[in-house]
Amino acid sequence: MEQEVQIDLEGEIRRFPRGVRAVDLPDRDPEAVAAWIDGQVVDLKRPITKDGALQWLTFDDSSGRLVFRHSSAHLLAQAVKRLWPEAKLGTGPALDDGFYYDIWLPSPLSEADLARIEAEMRRIAAENLSIERLELTREEANQIFSERGEEFKLQIVERIPDGAVISAYRQGDFVDLCAGPHLPATGLIGAVKLTNVSGAYWRGDEKNPMMTRIYGTSFPTEDALNQHLERVEEAKQRDHRKLGPQLDLFSFKEEAPGFTFWHPKGYQLYRTLEEFSRRLQQERGYQEVSTPWIYRAGLWQRSGHWDHYRDNMFLVEREDEVLGVKPMNCPGHALLFKGDIRSYRDLPMRLAEYGPLSRFERSGTLHGLLRVRGFHQDDAHLFVREDQINQEMFGVLDLMDVVYRAFGLPYEVVFSTRPDDYMGDLALWDKAEAELEQVLRDRGLKYQINPKDGAFYGPKLDIAAIDSLGRRWQLATIQLDFQLPENLDLHYVDSEGQLRRPVMIHRAIMGSLERFIGILVEHYGGAFPLWLAPVQARIIPITDQQTSYAEEIRRKLIRHGIRAEVDSRNQKMGYKIREAQLEKIPRMLVVGGRDQENHTVSVRTREQGDLGAKPWPDYLHQLVEEAEMPLA
RNA sequence: GCUGGCGUAGCUCAGCUGGUAGAGCAACGGUUUCGUAAACCGUAGGUCGUCGGUUCAAAUCCGACCGCUAGCUCCA
């Protein structure tokens with residue numbers, strides 16, 4: 001057996017004694033936190049026994065960062081164990097921008113405790129304890145963790161299959177069961193911050209004990225940590241729950257948890273979106289309807305909602321009868337479809353509705369506009385012949401593309417296929433799935449497949465949009481449904497005079513308008529593009545000599561469909577500009593004596609500032625053009 | 001729903017270990033009539049989330065409830 005290994009270090013092949021550790025190699029990157037050796041992230045202290053290429057991983061590599069954060073989680077656990085020896089450790093993984101550890105504690109933690117733990121973590125980091133990997137037999141592992149009273153760790157050991165390596169990492173007197181890899185020593189963790197505490201069930205199961213989950217983040221230096229904290233603060237400023245009330249768009253009141261109060265400006269925004277959707281859909285042959293929002297339980301029983309969705313419905317009881325408030329429009333649209341004899345020539349029939357929907361969401365899950373109990377969708381149901389599925393799906397995907405491009409939202413498609421508990425005819429499923437894939441290919445869309453994640457009534461496409469902060473939001477959903485037409489006995493007459501079953505396509509593009517607005521507020525940071533802005537132009541007279549001229553301009557703008565208002569308050573121009581800017585109004589039209597005389601407006605835009613005086617009627621027409629909806 | 005945290009004027013927040021509330025901004029009134037991000041003076045505004053308890057005395061301590069929030073769970 002050879003006594004040496006060949007290691008490819010940045011293209012240079014060098015020989016070292018077998019079992020050499022990366023940490024001992026010459027020219028080691030001083031910032032390295034781990035190494036990448038032949039496709040595997042390993043500890044710097046792991047003996048190298050095979051030839052291969054080695055790359056240093058630092059905090060700037062995502063896999064290096066995960067190692068760093070994972071070791072930070074151990075640091076947290078060690079600190080907690082020092083302060084509360086009776087604490088029992090659960091699991092503590094690294095996250096994208098930090099880490100957490102689930103720990104069972106005898107009593108709840110307070111904010112002050114977090115500071116204490118943080119201080120202890122800094123102390124341990126300063127001690128610069130060496131982190132060592134141990135490989136254990138099952139017996140050794142059981143012994144170590146039962147001695148320490150780590151019952152949760154014992155449960156994890158139990159689940160490790162025979163033959164797998166059981167490893168643990170030791171730093172000082174602290175040992176944690178862990179696959180690794182880890183930093184070579186605690187001293188590399190230069191800055192830590194514990195951010196919040198919450199509860200989490202052991203293994204995520206409500207029946208298991210509740211652990212305390214402590215979240216934190218860590219960086220090599222204080223500077224990097226501070227930068228990160230600033231970014232978090234910025235994201236917080238963009239939070240729709242903060243911006244919404246600040247921009248006077250909407251509010252929530254404790255008298256109606258989960259339902260939105262739309263203020264005038266927010267409702268304007270809402271109506272603009274609805275109108276945008278309406279116009280796009282009208283062009284594409286959709287017909288808008290309005291259907292009842294409360295139905296007798298019998299309908300929900302026939303539609304299948306009673307069995308599958310009742311817990312999420314608001315139910316009312318009157319005259320010894322139970323009625324359900326609709327959580328979705330499909331049964332209503334199906335009833336409307338069924339109300340007449342339909343010919344194959346009537347199909348596809350595309351019914352759209354923006355009416356109110358309500359779903360009972362558990363109190364703990366409500367979250368601003370993103371998770372509400374009362375909402376409205378840009379909803380539609382297409383009743384189609386089997387031979388029209390392809391063409392209609394194509395049309396829906398086309399519409400979706402127009403909508404998302406209008407908001408500058410790139411998107412990803414996930415195709416969910418037949419689940420195990422599917423209903424209906426297997427051959428029809430196969431055919432539908434094949435057609436959906438064909439449509440995706442026809443449109444040249446890249447997509448991921450989520451096997452067995454479809455609805456029980458049909459396969460579906462879920463579309464996730466990526467916002468300006470890089471976050472993914474599941475928005476549109478397009479679902480084929482073979483089941484509801486069956487359950488509600490829908491049919492049409494084909495060219496031979498035979499009764500046939502239509503297929504239903506459920507689809508929403510923006511999804512819930514409430515949720516979509518919440519996302520848009522954060523996507524734009526409240527600075528909506530001109531066509532969406534609730535107030536598009538604010539007219540700012542410099543002195544009260546110009547109020548009538550300002551008023552005349554406002555009337556013209558309004559007549560041309562521009563949402564404009566005059567700030568006639570007794571304040572200096574600079575003050576009014578500042579307020580308009582803070583309210584993120586896209587255009588400010590300053591009118592002073594000179595403007596009145598020359599028949600101009602002095603234009604200031606939210607982004608570019610002062611553009612100087614523009615001849616008046618000309619600017620009106622320019623603005624009208626700039627404010628057009630992006631319909632194509 | 002479960003576990004933690006939070007709840008003081010419209011908003012942002014102060015109010016130490018109990019002695020019945022304070023600032024800035026906003027609002028309102030007046031003065032000022034002003035050219036691209038905050039003029040000046042004044043006034044008013046709160047049963048401290050709700051209910052109950054401890055206490056001579058509760059924004060402050062305790063309990064329950066409501067709401068929000070971080071998560072967990074759920075999600076046709």
Side-chain angles (χ1 to χ4, degrees), chain A residues 100 102 104-105 107-114 195-215 239 241-242 245-246 248 251-258 300 303-313 327-331 357 359-368 371 416 419 421 423 453-458 460 462 474 477 479 481 483-484 506 508 540-547 569-583 588-596 600 602-606 608-613:
Chain A
Y100 70 79
D102 283 347
W104 180 88
L105 286 167
S107 60
L109 283 184
S110 70
E111 293 290 317
D113 292 326
L114 281 190
T195 49
N196 60 328
V197 184
S198 72
Y201 300 103
W202 171 239
R203 295 194 186 286
D205 187 334
E206 235 169 310
K207 293 177 204 80
N208 286 337
M210 173 70 72
M211 321 272 292
T212 301
R213 175 171 293 183
I214 305 173
Y215 286 86
D239 191 318
R241 291 169 299 177
K242 188 177 172 67
Q246 202 172 303
D248 199 18
S251 60
F252 292 93
K253 314 243 172 254
E254 74 173 79
E255 286 82 351
W300 303 114
S303 71
H305 288 81
W306 200 252
D307 290 337
H308 293 276
Y309 207 65
R310 186 179 15 170
D311 289 346
N312 278 295
M313 287 174 63
M328 45 195 82
N329 289 312
C330 25
L357 301 171
R359 296 182 185 175
F360 177 76
E361 303 285 359
R362 298 214 273 171
S363 53
T365 63
L366 300 174
H367 183 92
R371 179 62 85 86
S416 298
D421 62 341
M423 292 184 80
D453 202 36
F456 70 89
Y457 50 75
K460 63 173 180 176
D462 288 320
Q474 152 76 48
T477 173
Q479 310 182 346
D481 187 351
Q483 206 51 47
L484 196 59
H506 307 246
I540 300 177
I542 292 179
T543 74
D544 53 18
Q545 306 296 304
Q546 288 87 45
T547 36
R569 291 176 304 169
N570 179 9
Q571 283 293 352
K572 294 182 78 165
M573 179 197 55
Y575 179 90
K576 298 183 191 176
I577 286 177
R578 177 183 149 81
E579 290 226 326
Q581 200 72 40
L582 291 175
E583 287 174 50
M588 286 150 266
L589 308 184
V590 175
V591 293
R594 289 205 298 272
D595 295 294
Q596 185 164 13
T600 57
S602 294
V603 178
R604 179 188 169 95
T605 73
R606 183 178 58 198
Q608 294 157 284
D610 190 3
L611 299 184

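Just so we're on the same page: letters track the sequence lines, and every chain starts at 1. All values below come from the heavy atoms of this structure, side chains included, with hydrogens, waters and symmetry mates left out.
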Could you work out which one of B/rA37, B/rC34, B/rC68 sits closest to the side chain of A/P257? B/rC68
Heavy atoms under 4.0 Å, any strand shown: does A/Y457 hit a base, just sugar-phosphate, or nothing? base
Identify whether any heavy atom of A/Q571 sits under 4.0 Å from a base atom; if not, whether one sits that close to sugar-phosphate; answer base, sugar-phosphate or nothing. base
NA contact type, A/R241, heavy-atom cut-off 4.0 Å: base, sugar-phosphate, or nothing? sugar-phosphate
Need the pair for B/rU17. Rule: Watson-Crick or G-U wobble, both distances under 3.5 Å, any strand; none if unpaired. none
Indicate, with a heavy-atom threshold strictly under 4.0 Å, whether A/D311 touches base, sugar-phosphate, or nothing. nothing
Of all the nucleotides listed (B/rA39, B/rU73, B/rG71), which has the minimum atom distance to the side chain of A/R213? B/rG71
With respect to the side chain of A/L366, which nucleotide from B/rC68, B/rC75, B/rC66 is positioned closest? B/rC68
Candidate nucleotides B/rG67, B/rG35, B/rG71, ranked by approach to the side chain of A/Y215 - the nearest: B/rG71
Rounded to the nearest angstrom, tell me the gap between atom NE2 in A/H367 and atom P in B/rC75. 20 Å
Counting any heavy atom closer than 4.0 Å, what does A/G592 reach on the DNA or RNA strands: base, sugar-phosphate only, or nothing? base
Rounding to a whole Å, what distance do you find between A/L582:CG and B/rU12:C1'? 14 Å
From C-beta outward on A/T543, which listed nucleotide comes closest to its side chain: B/rA27, B/rA37, B/rC34? B/rC34
Hey, does the side-chain of A/D610 have a donor or acceptor N/O within less than 3.5 Å of a partner on the base of B/rG35? no
Scan A/R310 against the nucleic acid and name what it touches under 4.0 Å (heavy atoms): base, sugar-phosphate only, or nothing. nothing
Can you check whether A/P541's main-chain N or O pairs, donor with acceptor, with A/K576's side chain at less than 3.5 Å? yes
Within the structure shown, what part of the strands sits under 4.0 Å from A/H305 by heavy-atom distance: base, sugar-phosphate, or nothing? base
Ion pair A/E583/A/R578, N-O distance below 4.0 Å: no
Which of these nucleotides, B/rA37, B/rU73, B/rC66, is closest to any side-chain atom of A/Q581? B/rA37
Between B/rU36, B/rA70, B/rC68, which one does the side chain of A/I577 approach most closely? B/rU36
It should be established whether A/R569 places a side-chain nitrogen or oxygen under 4.0 Å from OP1 or OP2 of nucleotide B/rA27. yes
Does any N or O donor sit under 3.5 Å from an N or O acceptor when you compare the side chain of A/R359 with the base of B/rC74? no
Give the nucleotide from the list B/rA26, B/rC68, B/rC72 with an atom nearest to the side chain of A/Y575. B/rA26
With a non-hydrogen cut-off below 4.0 angstrom, is A/I540 in contact with a base, only sugar-phosphate, or nothing? nothing
Check for me whether the distance between the ring centres of A/Y457 and A/H506 falls short of 6.0 Å. yes
Sugar-phosphate only, base, or nothing, as touched by A/G368 at under 4.0 Å among non-hydrogen atoms: sugar-phosphate
May I ask you to test the A/C330-A/D481 pair for a side-chain heavy-atom distance under 4.5 Å? no
Any salt bridge linking A/R213 with A/D102? Criterion: basic side-chain nitrogen under 4.0 Å from a carboxylate oxygen. yes
Partner of B/rG42 by Watson-Crick or G-U wobble geometry, both contacts under 3.5 Å, or none? B/rC28
For A/S602, answer base if it contacts any base atom (sugar-phosphate contacts may also be present), sugar-phosphate if it contacts only those atoms, and nothing otherwise; contact means non-hydrogen atoms under 4.0 Å. base
Across the strands shown, which category fits A/G593 at heavy-atom distances under 4.0 angstrom: base, sugar-phosphate, nothing? base
